[in-house]
Amino acid sequence: MEYDVAFVGLGYVGLSSAVCFADRGINVLGVDIDGKKLNMIKKSKSPIHEKNINELLEKAIKKNRLSLSRELKDVAKAKIIFLTVGTPSRKDGSIDLKYINQASKDIAIAIKNIQEYFLIVIKSTVVPGTTVRIIKKLERYSGKKNLVDFGVVVNPEFLQEGNAVNDSLRPDKIVVGIDSEKDKKIIFNLFKKIYRKNLPIIYTTPSNAELIKYANNSLLATKISFMNYIARIAEQIPDGDVEEIKNAIGMDKRISKSFLNAGLGFGGSCFPKDVKALVTFSKELNINSDILQSVLTINDTQFMSVLDRLNKELGSLQGRKISILGLSFKPETDDIRDAISLKIIKKLVDKKAIVRVYDPIANDNVRDIFGKSISYSSNSKSCIKGSECCIIVTEWKEFKSLEPKDFIKLMKNPLIIDGRRIFSKKKFSKLEYYAIGLG
Ligand code: UGA
C-alpha cells in the first residue's frame with residue numbers, strides 16, 4: 001500500500017487531521033473534489049485560517065508525507081480511509097447525507113479489487129444508525145463483507161475551529177466506536193503513533209460513538225443558552241451581573257468554568273446544525289426534545305437584545321451610524337457560517353441604518369454577502385469613528401485594548417453595546433455602556 005491513511009474531504013476536520021497525521025510521520029493521501037482547494041494545498045497554502053496550519057502543511061508537502069488527489073478511486077492505495085465529508089443541515093434540521101452516501105458508494109467501488117483487510121473510519125458527524133447504513137452500502141457496491149474483508153470504525157471529532165491543529169494533536173479524549181477486536185487493534189496501532197501515551201481512548205459501539213458527538217456538542221450549547229437565559233434575568237435585577245454568577249458557579253467542579261460565557265449566542269457550522277439534528281432525530285424516535293428546542297429558541301432570539309437596546313437609545317435607526325466590531329462566529333477564525341454578526345447586520349440594513357464593520361480577518365467573507373450595502377474598515381478605530389453606537393459582536397483580543405477615551409474621542413456618541421463582555425464595567429461606567437447580562 002502506498003499510503004497509511006487517506007482522508008476523503010479536506011474541510012476543517014479533514015485537512016487539520018491530514019496535516020497533523022503527516023506531522024507524526026504518517027503517509028497521508030488527501031482526497032477532495034474541489035480542484036481549486038487542492039491546488040492551494042499543493043502550494044502549501046491552507047484554504048482555512050488556522051494557527052500553525054500553513055507551517056505544518058509546508059512541512060508535510062516538503063517531506064512528501066501528504067499527497068493529494070481529486071480521484072476518489074485513489075483511496076484504494078491506503079490502508080485506512082477516513083471519511084471527513086460534510087453533513088450539512090436540511091431545511092427541516094435533519095442532516096443531509098448526500099456527501100456521505102456518494103463517498104461511501106465511490107469508496108466501495110474503489111475497493112472492490114483490494115485483497116487485504118482494510119479499515120474505514122467515519123469521522124463526519126452522523127446521527128446514530130448512519131454507520132450501519134454506510135456499512136450496507138459498502139457491502140452492496142463492493143461485494144465485500146464487513147468484519148471479514150473490511151472494518152468500519154466511528155471516530156468523532158472534537159476539535160474547535162481556531163485551535164484545530166492543537167486540538168488534533170492533543171485532544172482531551174478519543175472516542176472509537178468499533179465492532180471487532182481486529183478493528184480495535186488496527187486503529188490503536190495508528191493512534192499510538194499520533195497521540196500521547198496516556199491519552200484516554202474510549203472504546204464503545206459505533207452507535208454510542210455517533211451519539212457521544214451529538215451529546216457533547218448539545219450539552220455545550222445547552223450551557224451557553226442556559227447562561228444567556230441567566231443573563232436575561234441578571235439584566236432585570238438590581239446590580240445584576242451574569243459574570244459574577246458565572247465565576248461563582250464555575251467554581252463548582254461539577255459545573256466547570258468552560259462554556260459559561262453569556263453573549264449574543266452561539267454560531268458556527270457545528271452547534272446550530274448538531275442541536276437541530278438531534279432534535280429532529282429525537283422526533284423520529286418519538287422523544288420529547290423540549291430541552292434542546294429551548295436551547296435553540298434562546299439562541300435564535302439572544303441577538304435581539306441588541307436591537308431592543310438600539311431602539312431604546314436611538315429610536316428610529318434610519319440613517320443612524322452603527323459600527324460593528326467582530327464578524328466571525330468566534331475569534332481566531334474567518335469563518336462566518338451561522339455567525340451572529342450576519343443576523344444583526346441584516347436587521348440593521350433592513351432598518352436603513354448606516355453600518356460600518358471591522359473584523360481582523362473576516363471582512364472579505366462578509367463583503368461577499370452584504371457587498372456595498374455596508375462599509376468595511378481596516379481597523380477598529382476607523383470603524384468606530386463618527387458612529388453613534390458601537391456593538392461588540394465577536395471578542396477578538398485586539399478589541400480589548402480599546403480604552404474608554406478612544407470611544408469618547410472617536411465616536412459621535414459613545415454608546416457601546418458589549419455583546420461579549422470584553423470590557424470592564426467599572427472602567428466603562430462613565431460611558432453609555434450596556435452589556436449582555438449587566439443590570
Ligand atoms: C464546536 C465544539 O466545541 C467542538 O468540540 C466540535 O468539534 C465542533 O463544534 C464540531 O462539531 O465540529 P466550534 O464550532 O469550532 O467547536 O466552536 P466553539 O468554540 O465550540 O464555539 C461555538 C460557538 O459558541 C461560538 O459562536 C462561540 O462564540 C459560542 N460560545 C462558546 C459562547 O457563546 N459562549 C461560550 O462560553 C463558549
Side-chain angles (χ1 to χ4, degrees), residues 9 11-17 48-51 84-89 95 123-127 155-168 170-175 209-231 242-243 245-247 249-250 255-278 295-296 298-300 302-303 305 326-344 359 362 392-397 418-422 436-437:
Y12 266 93
V13 171
L15 184 62
S16 309
S17 308
I48 56 168
H49 179 94
E50 277 295 335
K51 277 191 290 275
T84 45
V85 294
T87 50
S89 265
I95 57 165
K123 223 176 190 5
S124 302
T125 301
V126 291
V127 291
N155 171 226
E157 181 55 58
F158 300 99
L159 69 81
Q160 284 178 270
E161 281 185 29
N163 204 32
V165 167
N166 187 53
D167 286 349
S168 296
R170 286 172 282 274
D172 289 349
K173 62 173 184 270
I174 297 281
V175 172
E210 290 169 322
L211 186 53
I212 286 168
K213 168 71 188 193
Y214 280 99
N216 217 95
N217 271 1
S218 298
L219 184 57
L220 292 171
T222 303
K223 283 182 94 173
I224 300 169
S225 275
F226 177 80
M227 287 313 287
N228 285 337
Y229 153 74
I230 296 294
V242 74
E243 285 287 290
I245 320 291
K246 174 188 91 179
N247 292 337
I249 64 174
I255 294 173
S256 105
K257 276 193 169 54
S258 62
F259 280 71
L260 290 185
N261 290 323
L264 294 174
F266 55 79
S269 65
C270 304
F271 283 178
K273 164 177 93 84
D274 290 353
V275 177
K276 277 183 213 151
L278 194 52
V295 168
L296 291 171
I298 291 174
N299 200 56
D300 288 344
Q302 184 65 3
F303 78 103
S305 65
L327 301 169
S328 53
F329 85 96
K330 66 174 200 176
E332 305 303 329
T333 176
D334 63 351
D335 195 345
I336 56 161
R337 285 177 289 176
D338 253 319
I340 308 297
S341 63
L342 305 181
K343 295 188 197 174
I344 296 178
D359 187 283
I392 313 289
V393 178
T394 313
E395 65 276 33
W396 281 95
K397 227 185 201 160
D418 185 351
R420 298 287 176 186
R421 297 301 302 263
I422 66 168
I436 291 289

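For ligands, and for the atoms within them, numbers begin at 1 and follow the listed sequence.
Nearest protein heavy-atom neighbour of atom 17 (O) of ligand 1: Lys330 NZ, 3.2 Å. Among protein heavy atoms, the minimum distance from atom 6 (C) of ligand 1 is reached at Leu159 O, 3.3 Å. In terms of protein heavy-atom proximity, atom 28 (O) of ligand 1 is nearest to Phe329 O, 3.6 Å. Atom 37 (C) of ligand 1 has its closest protein heavy atom at Phe259 CD2, 3.4 Å. For atom 19 (O) of ligand 1, the closest non-hydrogen atom on the protein side is Gln160 NE2, 2.6 Å. Nearest non-hydrogen protein atom to atom 24 (O) of ligand 1 is Phe266 CB, 3.2 Å. The closest protein non-hydrogen atom to atom 36 (O) of ligand 1 is Asn261 N, 2.9 Å.
Each of the following atoms of ligand 1 lies closer than 4.0 Å to a heavy atom of Glu157: 7 (O). Taking every non-hydrogen atom of Lys213 and a distance limit under 4.0 Å, the qualifying atoms of ligand 1 come out as 6 (C), 7 (O), 10 (C), 11 (O), 12 (O). Every atom of ligand 1 with a heavy atom of Phe158 under 4.0 Å away is listed here by number and element: 4 (C), 5 (O), 6 (C), 7 (O). The atoms of ligand 1 that sit less than 4.0 Å from any heavy atom of Glu161 are 15 (O). Distances below 4.0 Å separate heavy atoms of Arg420 from the following atoms of ligand 1: 28 (O), 33 (O). Each of the atoms 11 (O) of ligand 1 lies under 4.0 Å from some heavy atom of Asp274.
The proximity of Lys223 to ligand 1, defined as any non-hydrogen pair under 4.0 Å, does not occur for either the backbone or the side chain. With a heavy-atom cut-off of 4.0 Å, Phe271 touches ligand 1 through its side chain alone. Within the 4.0 Å heavy-atom criterion, the part of Ile224 lying near ligand 1 is the side chain and not the backbone. Contacts between Lys273 and ligand 1, counted as non-hydrogen atom pairs separated by less than 4.0 Å, are absent for every part of the residue. Residue Thr394 does not touch ligand 1, judged by heavy-atom distances below 4.0 Å.
Taking a 4.0 Å cut-off on heavy atoms, Asn217 registers as neighbouring ligand 1. Between Cys270 and ligand 1 there is a heavy-atom distance shorter than 4.0 Å. Taking 4.0 Å as the cut-off, Gly263 does not count as a neighbour of ligand 1 on heavy-atom distance.
In this structure, Leu327 and Asp359 approach most closely via the heavy-atom pair N-OD2, 2.6 Å. Nearest heavy-atom pair, Thr333 versus His49, reported as atom, atom and distance to 0.1 Å: CA-CD2, 4.4 Å. Contact detail for Lys213 and Phe158: the closest heavy-atom pair is CA-CE2, 4.1 Å. Shown here for Asp300 and Lys343, the closest heavy-atom pair between the two residues is CA-NZ, 3.9 Å.
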Please report, to 0.1 Å, the donor-acceptor pairs under 3.5 Å made by any side chain of residues 259-275, with sequence neighbours excluded.
| unit_1 | atom_1 | unit_2 | atom_2 | d |
| --- | --- | --- | --- | --- |
| Asn261 | OD1 | Lys246 | NZ | 2.7 |
| Lys273 | NZ | Thr87 | O | 3.0 |
| Lys273 | NZ | Thr87 | OG1 | 3.1 |
| Asp274 | OD2 | Asn217 | ND2 | 2.8 |

Open item on the list: Between Val13 and Ser124, is the side chain to side chain contact (heavy atoms under 4.5 Å, CB included) condition met? List the steps.
Closed with: CA-CA 8 Å; Val13 171; Ser124 302; over 6 Å; no

TODO: Could you check Glu395 against Asp418 for side chain to side chain contact (heavy atoms under 4.5 Å, CB included), going step by step and ending with a plain yes or no?
DONE: CA-CA 9 Å; Glu395 65 276 33; Asp418 185 351; over 6 Å; no

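Under the 3.5 Å distance criterion, the side-chain polar atoms of Lys51 are matched with a main-chain donor or acceptor of Gly162. At least one donor-acceptor pair closer than 3.5 Å links the side chain of Ser305 to the backbone N or O of Gln302. Looking at Ser225, its side chain never comes within 3.5 Å of a backbone N or O of Ile298 through a donor-acceptor pair.
In this structure, CD1 in Ile249 is found 6.0 Å from CZ in Phe226, a value given to the nearest 0.5 Å.
The stretch residues 156-168 participates, sequence neighbours left out, in these salt bridge (Lys or Arg N to Asp or Glu O under 4.0 Å) pairs: Lys123-Glu157, Glu161-Arg337.
The 12-atom threshold is not exceeded at OH of Tyr229, counting heavy atoms of other residues, nucleotides or ligands nearer than 6.0 Å.
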